[in-house]
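Right, one structure below, let's go through it.
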2 protein chains.
Amino acid sequence: MSDDALDHDSLVPLYRQIAARLIHGIEHGDWVAGKRIPSEPTLTQRYGVARETVRAAVRHLRNTGYVHTVPKRGSFVLDRTRHD
Amino acid sequence: MSDDALDHDSLVPLYRQIAARLIHGIEHGDWVAGKRIPSEPTLTQRYGVARETVRAAVRHLRNTGYVHTVPKRGSFVLDRTRHD
DNA sequence: CATCATTTGTTCGTATGTATC
DNA sequence: CGATACATACGAACAAATGAT
């Protein structure tokens with residue numbers, strides 16, 4: 001499930017690569033609407049990057065309407081059915 | 001209160017323009033001795049510049065004795081009354 | 001009710017690479 | 001070349017709310 005290693009030499013920033021994997025996972029149904037995506041520490045460890053990088057990725061998901069973040073709770077997948 | 005947009009075409013570097021605004025704010029009493037000036041992220045957003053640029057501005061304030069910076073806490077206005 | 005682990009928020013320090021003037 | 005500026009990324013530390021036990 002998109003668990004290939006990140007390409008540290010790519011022109012695509014790490015945070016974008018991670019965002020792409022998360023989006024893929026969401027659209028693939030790994031996490032459905034209302035469910036929480038992995039926490040920052042979890043993603044940090046999974047991808048072997050700094051927390052800031054993970055946060056940038058999640059921020060991207062938030063900005064693109066894939067998730068909403070609840071402080072101290074996590075980021076939850078949004079229902080995109082009405083976002084066409 | 002010095003909230004005009006920065007002049008990206010000026011001969012005066014952006015970090016100096018930001019420093020000037022901060023100094024103006026300090027001397028104007030926006031932040032008194034002991035109080036913290038806005039954080040780097042806040043200033044970054046407020047002025048629409050890179051963090052490095054903000055850091056250069058704050059470094060200038062530090063070098064000129066306006067503030068002292070505490071790692072992970074912020075930059076605090078110094079009491080300049082006895083610096084004549 | 002108290003305690004503890006989890007989780008996101010915030011903040012400064014540092015480094016690298018790129019681009020421009 | 002040096003100064004300025006942006007983007008990305010890692011590190012470290014503490015705060016504060018939440019939820020489970």
Side-chain angles (χ1 to χ4, degrees), chain A residues 4-23 25-26 30-31 34-78, chain B residues 2 4-23 25-26 30-31 33-78:
Chain A
D4 307 272
L6 300 177
D7 182 359
H8 284 255
D9 298 318
S10 169
L11 287 179
V12 180
L14 293 178
Y15 80 92
R16 293 283 266 162
Q17 294 181 45
I18 294 173
R21 280 163 175 69
L22 290 173
I23 289 175
I26 289 174
D30 290 347
W31 307 289
K35 262 213 81 182
R36 208 200 69 178
I37 63 174
S39 71
E40 291 173 6
T42 298
L43 293 174
T44 289
Q45 190 167 32
R46 173 175 307 176
Y47 293 111
V49 298
R51 187 185 167 200
E52 188 204 73
T53 306
V54 163
R55 282 177 68 76
V58 174
R59 190 182 313 125
H60 181 70
L61 295 210
R62 204 157 46 227
N63 293 339
T64 49
Y66 279 96
V67 304
H68 75 284
T69 301
V70 182
K72 278 77 188 189
R73 301 228 42 241
S75 290
F76 302 83
V77 177
L78 286 172
Chain B
S2 311
D4 307 271
L6 300 177
D7 182 358
H8 286 255
D9 299 318
S10 170
L11 287 179
V12 180
L14 293 178
Y15 81 92
R16 294 284 265 161
Q17 294 181 44
I18 295 173
R21 280 163 177 68
L22 290 173
I23 289 175
I26 289 174
D30 291 346
W31 307 290
K35 254 210 95 191
R36 210 200 68 178
I37 63 174
S39 71
E40 289 174 8
T42 298
L43 293 173
T44 288
Q45 191 169 33
R46 172 174 309 177
Y47 292 111
V49 297
R51 185 185 166 202
E52 189 203 77
T53 304
V54 163
R55 281 179 64 74
V58 175
R59 189 182 315 122
H60 181 71
L61 293 210
R62 206 156 45 228
N63 292 340
T64 48
Y66 279 96
V67 304
H68 74 285
T69 301
V70 181
K72 280 105 185 175
R73 305 226 40 105
S75 290
F76 302 82
V77 177
L78 287 172

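Residue numbers begin at 1 in each chain, while the letters A, B, ... track the order of the sequences. Computed from a prediction, not measured in an experiment: that's the story for all the values here. These values consider heavy atoms only, across backbone and side chains, with no hydrogens, waters or symmetry-generated copies.
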Taking only the side-chain nitrogens and oxygens of [X], find out if one of them lies under 4.0 Å from OP1 or OP2 of [N].
X       : N      : answer
B:Ser39 : C:dT11 : yes
A:Arg55 : C:dT8  : no
A:Thr69 : C:dT8  : no
B:Arg36 : C:dT11 : yes

Positions of residues 7-18 of chain B (non-hydrogen atom under 4.0 Å from DNA chain C), listed by number: none

Heavy-atom side-chain contact between [X] and [Y] under 4.5 Å:
X       : Y       : result
A:His68 : A:Arg62 : no
B:Arg21 : B:Leu6  : yes
B:Leu22 : B:Leu43 : yes
B:Trp31 : B:Pro38 : yes
B:Tyr66 : B:Val77 : no

A correct 5'-to-3' footprint of nucleotides 13-21 of chain D, with B, S and - meaning base, sugar-phosphate only and no protein heavy atom under 4.0 Å, is B--BBSS--

Report, as a single string ordered 5' to 3', how protein heavy atoms within less than 4.0 Å touch nucleotides 15-21 of chain C: B base, S sugar-phosphate only, - not at all. -------

Going by distance alone, is a donor N or O of one side chain under 3.5 Å from an acceptor N or O of the other, for A:His60 and A:Arg16? yes

For [X] and [Y], which heavy atoms make the closest approach, and how far apart are they?
X       : Y       : value
B:Thr44 : B:Val49 : CG2-O, 3.0 Å
A:Thr69 : A:Ser75 : OG1-OG, 2.6 Å
B:Arg36 : B:Phe76 : CG-CE2, 3.5 Å
A:Ala19 : A:Leu61 : O-CD2, 3.8 Å

What is the distance from [atom1] of [X] to [atom2] of [N], rounded to the nearest Å?
X       : N      : atom1 : atom2 : result
B:Ile37 : C:dT10 : CD1   : C1'   : 15 Å
A:Glu40 : D:dG11 : CD    : P     : 15 Å
A:Arg59 : D:dA9  : CZ    : P     : 11 Å
B:His68 : C:dG13 : NE2   : P     : 12 Å

When you measure from the side chain of A:Gln17 to the backbone of A:Asp7, do you find a donor-acceptor pair of N or O atoms at a distance under 3.5 Å? yes

Nucleotide of D:dA5, C:dC12, D:dA9 approaching A:Thr53 most closely (side-chain heavy atoms): D:dA9

